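Numbering starts at 1 and runs along the sequence shown. No experiment lies behind these values; they were computed from the predicted model shown.
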Amino acid sequence: MSGEKVAVSSGPSSGSVDVVKGINGLDKVVLRDPRGSSAEVYLYGAHVTSWKNDHGEEMLFVSSKAIFKPPKPIRGGIPICFPQFSNLGPLEAHGFARNKFWSIDNNPPPLQTNTSSKTFVDLILKPSEEDTRVWPHSYEYRLRVAVGPAGELSLTSRVRNTNADGKPFSFTFAYHTYFSVSDISEVRVEGLETLDYLDNLQSRARFTEQGDALTFESEVDKIYLSTPSKIAILDHEKKRTFVVRKEGLPDAVVWNPWDKRAKAISDFGDEEYKYMLCVEAAAIEKPITLKPGEEWRGRLELSAVPSSYCSGQLDPQKVLHGI
Ligand code: TA6
């Protein structure tokens with residue numbers, strides 16, 4: 001596969017960034033870190049569909065039934081829910097960002113991050129005239145997707161209100177990440193215990209999670225509120241722990257459709273719920289409000305580390321708090 005090179009730094013320590021044709025001829029950006037990890041981002045939706053470690057192992061789940069055909073969003077990877085999470089407003093479910101064509105931003109404003117990653121792409125979404133009929137606001141949404149030297153994947157969103165009429169706007173948001181897991185019934189999530197959540201399966205009634213790590217044996221669709229900045233997903237069978245770090249994103253959604261609901265989703269395999277778990281860094285309970293000229297930033301960093309949690313050797317507190 002050959003493709004166009006886009007703006008990247010060069011030199012032996014730099015990675016590569018190429019634009020190639022993906023499924024159904026849709027443009028995708030392939031990021032390769034020199035140490036071997038990689039990521040793929042479709043311009044359609046600014047949708048990350050692949051994140052591989054330096055052994056070429058895929059970390060994200062994408063359904064075998066995913067339809068890469070606009071206007072249908074891609075099932076799996078990291079859909080961007082903006083400017084509305086789920087049906088919490090008048091727009092289509094999860095907003096429109098995931099089914100718009102984004103552009104490569106070759107000249108983004110400087111972005112301060114605490115990573116040394118040199119392998120990244122900047123994408124931008126601005127509303128068309130038709131879009132402003134659906135959501136009557138002017139904005140610039142910049143997304144940087146980067147793979148780092150330790151194999152980490154980061155997504156940094158910057159949303160700026162560019163309304164000329166002086167009006168503020170509000171939005172809700174999620175990085176709807178689908179993690180690939182070996183067997184959902186062997187997965188634990190640490191970092192959300194004892195927190196309050198809204199249960200989507202019970203008309204978003206508010207409950208408090210019990211003290212134990214989350215495990216899975218039926219459908220779950222919960223919005224955890226005011227969560228810590230680190231969440232760990234422990235895959236017992238793979239002996240792998242995903243660490244989710246987030247900034248500017250107080251909430252976290254946990255979703256698995258389980259068997260019945262899986263059957264009702266046309267672009268999702270009947271058995272695929274066993275091999276995925278969505279843990280979504282989000283801002284839902286308190287919508288973000290921006291006045292003209294103001295900018296919001298929401299950052300997600302994902303890493304995968306080997307874990308020996310199954311043998312009881314790894315204290316989840318160490319994963320979460322680094323102690
Ligand atoms: O984030 C969880 C959720 O809002 C669920 O309620 C579920 O429907 C899922 O997202 C998938 O939504 P989608 O519109 O992609 O089918």
Side-chain angles (χ1 to χ4, degrees), residues 51 57-66 75-79 81 85-86 94 174-225 227-228 230-244 246 251-265 267-282 284 300 302-312 314-317 319-320:
W51 165 43
E57 290 165 346
E58 183 58 67
M59 308 289 168
L60 299 177
F61 165 90
V62 176
S63 172
S64 61
K65 291 180 137 188
R75 175 72 61 197
I78 312 183
C81 305
F85 177 76
S86 184
H94 290 324
Y175 289 115
H176 198 303
T177 309
Y178 288 71
F179 290 96
S180 168
V181 299
S182 50
D183 176 356
I184 186 65
S185 49
E186 301 285 333
V187 169
R188 294 161 64 89
V189 174
E190 304 273 1
L192 301 175
E193 52 284 345
T194 75
L195 298 181
D196 278 9
Y197 64 87
L198 309 178
D199 193 340
N200 274 326
L201 304 179
Q202 299 187 62
S203 316
R204 299 206 177 98
R206 192 173 180 128
F207 299 94
T208 303
E209 193 58 73
Q210 298 309 306
D212 295 334
L214 315 187
T215 53
F216 302 91
E217 49 191 28
S218 60
E219 182 178 3
V220 54
D221 192 350
K222 296 176 178 176
I223 304 169
Y224 288 88
L225 307 172
T227 65
K230 274 192 216 174
I231 299 168
I233 303 157
L234 298 105
D235 186 335
H236 176 90
E237 206 172 295
K238 272 244 157 73
K239 296 188 174 57
R240 178 163 74 193
T241 298
F242 293 113
V243 183
V244 176
K246 57 192 182 64
D251 306 320
V253 181
V254 177
W255 180 59
N256 183 293
W258 219 255
D259 54 351
K260 262 208 213 96
R261 172 117 179 79
K263 290 197 178 80
I265 305 175
D267 58 345
F268 191 85
D270 289 358
E271 302 291 316
E272 286 183 331
Y273 72 93
K274 294 174 184 164
Y275 309 113
M276 55 71 69
L277 178 66
C278 287
V279 175
E280 312 165 28
I284 299 170
L300 172 70
L302 306 177
S303 49
V305 295
S307 70
S308 51
Y309 187 77
C310 53
S311 60
L314 181 67
D315 180 349
Q317 292 308 313
V319 173
L320 291 172

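Glu190 is not listed as a side-chain neighbour of Thr241, based on a closest heavy-atom distance of 4.5 Å or more. Looking at Pro79 and Tyr178, their side chains come closer than 4.5 Å, going by heavy atoms from C-beta outward. Using a 4.5 Å cut-off on side-chain heavy atoms (C-beta onward), Asp251 and Val253 make no contact. At least one side-chain heavy atom of Leu302 sits less than 4.5 Å from a side-chain heavy atom of Val244. Looking at heavy atoms from C-beta onward, Leu198 lies in side-chain contact with Arg206 at the 4.5 angstrom threshold. Proximity of Pro257 to Met276: side-chain heavy atoms (C-beta onward) are separated by under 4.5 Å at one or more points.
Atom CD of Glu272 and atom OG of Ser180 lie 10.5 Å apart (nearest 0.5 Å). Taking CH2 from Trp258 and NZ from Lys263, the interatomic distance works out to 12.5 Å, rounded to the nearest 0.5 Å. Here Ile231 contributes atom CD1 and Leu192 contributes atom CG; the two are 4.5 Å apart, rounded to the nearest 0.5 Å. A distance of 11.0 Å separates CD1 of Ile184 from CD of Glu217, quoted to the nearest 0.5 Å. To the nearest 0.5 Å, atoms CD1 (Ile284) and OG (Ser86) are separated by 8.0 Å.
Using a 3.5 Å distance cut-off with no hydrogens or angles, the side chains of Tyr273 and Arg261 do not pair a donor with an acceptor. Using modelled atom types, one finds a donor on one side chain and an acceptor on the other under 3.5 Å when comparing Asp235 with Ser182.
Residue Lys246 comes nearest to Ala252 through the heavy atom pair CE-CB, 4.5 Å, listed as atom of the first residue, atom of the second, then distance. Taking all atoms of both residues into account, the shortest heavy-atom contact from Lys274 to Val181 is O-CG2, 3.8 Å. Scanning both residues, Ala213 and Glu193, for their nearest heavy atoms gives CA-OE1, 3.9 Å. Closest non-hydrogen pair, Ser307 versus Arg240, comes out as OG-N, 3.4 Å. Nearest heavy atoms, Glu209 versus Lys222: OE1-NZ, 3.4 Å. Taking all atoms of both residues into account, the shortest heavy-atom contact from Ala282 to Ala174 is CB-CB, 3.8 Å.
Applying the 6.0 Å contact sphere to NZ of Lys65 captures more than 12 heavy atoms from other residues, nucleotides or ligands.
Within the 3.5 Å criterion, the main-chain N or O of Asn200 finds no donor-acceptor partner in the side chain of Gln202.
A side-chain contact (heavy atoms from CB on, under 4.5 Å) with Val187 is found for exactly one of Asn256, Leu234, Leu277, Thr215, namely Leu277.
Under 4.0 Å is where a charged nitrogen must lie from a carboxylate oxygen, and between Lys238 and Glu57 no such pair does.
Listed by chain and residue number, nothing satisfies the ring pair (Phe, Tyr, Trp, His ring centres under 6.0 Å) test with Tyr275 (two or more places apart in sequence, or in another chain). By the side chain to side chain contact (heavy atoms under 4.5 Å, CB included) test, Leu201 pairs with Asp199, Glu219, Asp221, sequence neighbours left out. With sequence neighbours left out, the ring pair (Phe, Tyr, Trp, His ring centres under 6.0 Å) criterion links Tyr197 to Phe207, Tyr224.
Between Phe85 and His94, the ring-plane angle classifies as tilted under the 30° and 60° cut-offs.
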